[in-house]
**Student:** 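First, the structure itself, so that you have it in front of you.
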Amino acid sequence: MKFNYKIGMMAVALLAMSSCAVHDPFGDDLLEVGQALPTVSWELGSTVASAGDSVAFKGKYYTDKEHTPDHAEVWGLTSRTQSASATLKLTKSLAYTQTFALNDTVRAADILGRYPHSMATWNGHEFELNAKFSTTNTLKSVTWADVKEWDQDQFDKFYPEGFQEEFTGKVVDYLTKDSTFYHDLRDVYINYDFTLEQIKGVIAKYPQLNANGELDALATLEAGDKSDVWYTKEFTEDDEKNVVGKYYIDIVNGTTVYVEVPLDTTVEGKVLYDVYESSPWVFCRYDDNTGGTITTVRRNYMPVFKDLISLIPFTDWIYNVSDGVYSVSYNCSYKYGVTFKVVDTVGNVGYTTDVKEVELN
């Protein structure tokens with residue numbers, strides 16, 4: 001047990017040493033104990049810059065009497081921040097936004113500027129260096145949002161692989177896993193421009209549900225006709241014929257089951273509730289617990305509508321009709337983590353330990 005523990009500690013130590021070697025921008029500047037290192041500090045003129053512009057700074061440093069500064073350097077590690085989102089716009093009640101974010105290092109620490117000691121001046125206490133370091137013009141920030149013309153190549157460039165499929169899968173699941181968003185599902189069927197070929201193709205997959213042509217009514221294109229075929233007729237005192245059946249509640253293996261029975265039926269020990277006239281795939285019922293009507297899609301019919309709305313492409317789910325834009329938002333920005341470094345004539349190195357950041361735009 002002790003032997004294994006020691007090996008583990010050695011592995012951790014080696015890993016820590018390896019990690020330092022990877023991330024230390026001055027890993028080659030090996031220092032011996034007792035070396036007199038240059039003492040350095042600095043200030044940035046700005047922490048924000050346009051990509052391609054230079055950033056002014058003031059560096060300060062000094063050494064002991066036995067050493068002479070040779071030159072100063074500015075090092076920068078380039079990191080990138082990306083964020084993106086897409087927002088559902090085809091539904092009214094269901095609000096869904098899918099996001100992703102990524103922070104990564106895109107360029108290891110590299111020298112941004114080198115300054116001979118002759119550029120510095122002595123202020124009576126230490127050397128002062130007033131200079132600039134350059135930034136890269138290829139690191140401009142990028143924004144792509146609420147676009148009027150869809151560009152799939154741009155989307156594929158900015159968004160991670162599988163984003164579209166994950167988005168549409170989540171939306172379809174929300175709309176069809178139960179009837180929480182019943183009205184949204186109905187609205188999508190009524191208002192989306194499915195083709196007859198699409199609707200008939202889905203109906204053909206479910207002959208067991210269409211033995212008497214129940215589903216054929218769905219194969220229409222006009223929104224008004226679609227609304228008529230997906231209907232409910234709740235009970236009113238003036239129109240009792242809208243009650244077409246009864247149901248009672250049973251518990252089977254811990255699951256609530258609604259058992260429908262003919263209108264003139266009694267079931268011993270069960271309370272019967274009204275079932276109202278509706279489309280074949282709609283279960284419209286009175287619920288005594290809520291004191292009102294509850295409307296759901298019958299469970300065996302839900303796969304029909306899941307298959308149908310699964311035909312809607314990603315771009316149609318996110319299209320904002322009122323604004324005429326696709327509801328996407330992508331932002332990418334870069335920044336330098338910069339460090340000031342001074343080297344003396346015999347190779348001793350001193351550098352700032354508080355890494356400053358410069359945001360590029």
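Computed from a predicted structure; not experimentally measured.
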**Student:** For Arg107, give me all partners under side chain to side chain donor-acceptor pair (under 3.5 Å), at least two apart in sequence or on another chain.
**Tutor:** none
**Student:** Is there side-chain contact between Thr97 and Leu88, with at least one heavy-atom pair below 4.5 Å?
**Tutor:** no
**Student:** Would you list the pairs meeting side chain to side chain donor-acceptor pair (under 3.5 Å) in which at least one residue belongs to residues 57-66, sequence neighbours left out?
**Tutor:** Tyr61-His117, Asp64-His67
**Student:** I'd like to check the salt bridge (charged side-chain N to carboxylate O under 4.0 Å, His left out) partners of Lys205; sequence neighbours left out, ordered by chain and number.
**Tutor:** Asp307
**Student:** Taking all non-hydrogen atoms of both residues, which atom of His125 and which atom of Trp122 are closest, and how far apart?
**Tutor:** O-CH2, 3.1 Å
**Student:** Main chain of Val261, side chain of Thr265: is a donor-acceptor contact present, judged purely on distance under 3.5 Å?
**Tutor:** no
**Student:** What residue among Phe127, Phe57, Phe133 forms ring-ring contact (aromatic ring centres under 6.0 Å, His included) with Tyr115?
**Tutor:** Phe57
**Student:** If the plane angle is over 60° it's perpendicular, under 30° parallel, otherwise tilted; pick one for Phe305 and Trp230.
**Tutor:** tilted
**Student:** Is there a donor-acceptor contact under 3.5 Å from the side chain of Asp151 to the main chain of Asp153?
**Tutor:** yes
**Student:** Under 3.5 Å, is there a donor-acceptor pair between the side chain of Asp323 and the main chain of Val325?
**Tutor:** no
**Student:** Provide the closest heavy-atom pair for Val55 versus Ala49 in the form atom of the first, atom of the second, distance.
**Tutor:** CG2-CB, 3.8 Å
**Student:** Please report the interatomic distance CG(Asn331) to CD(Gln82), rounded to the nearest 0.5 Å.
**Tutor:** 10.5 Å
**Student:** Would Ile111 and Val74 satisfy side-chain contact (heavy atoms from CB on, under 4.5 Å), going step by step from the backbone distance to the final call?
**Tutor:** CA-CA 6 Å; Ile111 191 167; Val74 173; over 6 Å; no
**Student:** List the atom pairs, donor and acceptor, that lie under 3.5 Å between side-chain atoms in residues 211-226 and the rest of the protein, sequence neighbours left out.
**Tutor:**
unit_1: Glu214; atom_1: OE1; unit_2: Ala211; atom_2: N; d: 3.4
unit_1: Glu214; atom_1: OE1; unit_2: Asn212; atom_2: N; d: 3.0
unit_1: Asp216; atom_1: OD1; unit_2: Asn210; atom_2: ND2; d: 3.0
unit_1: Lys226; atom_1: NZ; unit_2: Tyr189; atom_2: O; d: 3.0
unit_1: Lys226; atom_1: NZ; unit_2: Tyr192; atom_2: O; d: 2.9

**Student:** Got a sec: does the CD of Gln208 have more than 12 other heavy atoms crowding it under 6.0 Å?
**Tutor:** yes
**Student:** Taking the basic N atoms (NZ, or NE/NH1/NH2) and the acidic carboxylate oxygens, is any pair closer than 4.0 Å for Glu165 and Lys170?
**Tutor:** no
**Student:** Using only atom types and a distance under 3.5 Å, with no angle test, would you say the side chain of Ser179 pairs donor to acceptor with the backbone of Val297?
**Tutor:** yes
**Student:** Using a 3.5 Å distance criterion without hydrogens, assess whether the side chain of Ser279 forms a donor-acceptor pair with backbone atoms of Val229.
**Tutor:** yes
**Student:** Could you go through Val142 and Tyr330, starting from their C-alpha distance and side-chain angles, then the distance that decides it, and tell me whether this counts as side-chain contact (heavy atoms from CB on, under 4.5 Å)?
**Tutor:** CA-CA 8 Å; Val142 177; Tyr330 171 82; 4.3 Å; yes
**Student:** With rounding to the nearest 0.5 angstrom, report the OG1 to CG distance, Thr91 to Leu185.
**Tutor:** 10.5 Å
**Student:** What pairs of donor and acceptor atoms, side-chain ones from residues 283-294 against any protein atom, are under 3.5 angstrom apart with sequence neighbours left out?
**Tutor:**
unit_1: Arg285; atom_1: NH1; unit_2: Tyr247; atom_2: OH; d: 3.1
unit_1: Arg285; atom_1: NH1; unit_2: Asp287; atom_2: OD2; d: 3.0
unit_1: Arg285; atom_1: NH2; unit_2: Tyr258; atom_2: OH; d: 3.3
unit_1: Asp287; atom_1: OD1; unit_2: Asn289; atom_2: N; d: 2.7
unit_1: Asp287; atom_1: OD1; unit_2: Thr290; atom_2: N; d: 3.4
unit_1: Thr290; atom_1: OG1; unit_2: Asp287; atom_2: O; d: 3.3
unit_1: Thr290; atom_1: OG1; unit_2: Gly292; atom_2: N; d: 3.4
unit_1: Thr293; atom_1: OG1; unit_2: Glu234; atom_2: OE1; d: 3.2

**Student:** Determine the interplanar angle of the Phe155 and Trp150 rings, folded into 0 to 90°, and report it as parallel if under 30°, tilted if 30 to 60°, perpendicular if over 60°.
**Tutor:** tilted
**Student:** Name all residues meeting the side chain to side chain donor-acceptor pair (under 3.5 Å) criterion together with Glu277; count only those two or more places apart in sequence or in a different chain, and write none if there are none.
**Tutor:** none
**Student:** Between atom CG of Leu139 and atom SG of Cys332, what is the distance when rounded to the nearest 0.5 Å?
**Tutor:** 9.0 Å
**Student:** Do Asp173 side-chain atoms and Gly169 backbone N/O form a donor-acceptor pair below 3.5 Å?
**Tutor:** no
**Student:** Run the salt-bridge test on Asp184 and Lys92 with the 4.0 Å N-O cut-off and return the result as yes or no.
**Tutor:** no
**Student:** Restricting to non-hydrogen atoms, name the atom on Lys89 and the atom on Asn320 that form the minimum distance, rounded to 0.1 Å.
**Tutor:** CE-ND2, 3.8 Å
**Student:** Identify the two heavy atoms, one from Thr81 and one from Asn103, that lie closest to each other, and give their separation to 0.1 Å.
**Tutor:** OG1-OD1, 2.8 Å
**Student:** Do Lys335 and Glu359 meet the salt-bridge criterion of a basic N to acidic O distance under 4.0 Å?
**Tutor:** no
**Student:** With sequence neighbours excluded, give me every salt bridge (charged side-chain N to carboxylate O under 4.0 Å, His left out) pair touching residues 262-273.
**Tutor:** Asp250-Lys270
**Student:** Please find the pair of heavy atoms, one from Ile312 and one from Trp317, that lie closest to each other, and give the distance.
**Tutor:** O-NE1, 3.2 Å
**Student:** Shortest non-hydrogen contact from Leu94 to Val171?
**Tutor:** CD2-O, 4.4 Å
**Student:** Which side chain to side chain donor-acceptor pair (under 3.5 Å) pairs, counting each pair once, include a residue from residues 38-54, with sequence neighbours left out?
**Tutor:** Ser50-Asn361
**Student:** Between the side chains of Asn253 and Thr255, is a donor N or O closer than 3.5 angstrom to an acceptor N or O?
**Tutor:** no
**Student:** Could you tell me the separation between the CG atom of Leu272 and the OH atom of Tyr248, rounded to the nearest 0.5 Å?
**Tutor:** 9.0 Å
**Student:** Show me the pairs that pass ring-ring contact (aromatic ring centres under 6.0 Å, His included) and involve residues 78-110, at least two apart or across chains.
**Tutor:** Tyr96-Phe167, Tyr96-Tyr174
**Student:** Please list every donor-acceptor pair under 3.5 Å in which a side-chain atom of residues 156-163 meets a protein atom from a residue at least two apart or in another chain.
**Tutor:**
unit_1: Asp156; atom_1: OD1; unit_2: Gln152; atom_2: NE2; d: 2.9
unit_1: Tyr159; atom_1: OH; unit_2: Ser85; atom_2: O; d: 2.7
unit_1: Tyr159; atom_1: OH; unit_2: Ser329; atom_2: N; d: 3.2
unit_1: Tyr159; atom_1: OH; unit_2: Ser329; atom_2: O; d: 3.3

**Student:** Is there a donor in the side chain of Thr345 and an acceptor in the side chain of Asp70, or the other way round, less than 3.5 Å apart?
**Tutor:** no
**Student:** Quick one: NZ on Lys341 to CZ on Arg114, what's the gap to the nearest 0.5 Å?
**Tutor:** 9.5 Å
**Student:** Apply side chain to side chain donor-acceptor pair (under 3.5 Å) to Gln154 and list each qualifying residue two or more places apart in sequence or on a separate chain.
**Tutor:** none
**Student:** Indicate yes or no for a side-chain donor-acceptor contact from Thr352 to the backbone of Phe340 under 3.5 Å, with no hydrogens or angles considered.
**Tutor:** yes
**Student:** Could you give the distance from CG (Asn191) to CZ (Arg186), rounded to the nearest 0.5 Å?
**Tutor:** 9.0 Å
**Student:** Begin with the C-alpha distance, continue with both residues' side-chain angles, and end with the deciding distance and a verdict on side-chain contact (heavy atoms from CB on, under 4.5 Å) for Arg80 and Ser333.
**Tutor:** CA-CA 6 Å; Arg80 174 178 58 188; Ser333 60; over 6 Å; no
**Student:** Applying side-chain contact (heavy atoms from CB on, under 4.5 Å) to Leu112 and Val338, what does each step give before you reach the verdict?
**Tutor:** CA-CA 9 Å; Leu112 302 178; Val338 287; 3.9 Å; yes
**Student:** Side chain to side chain donor-acceptor pair (under 3.5 Å): which pairs involve residues 132-141, sequence neighbours left out?
**Tutor:** Thr136-Tyr336
**Student:** Around Asp354, counting heavy atoms of other residues, nucleotides and ligands shown, do more than 12 lie under 6.0 Å from its CG?
**Tutor:** yes
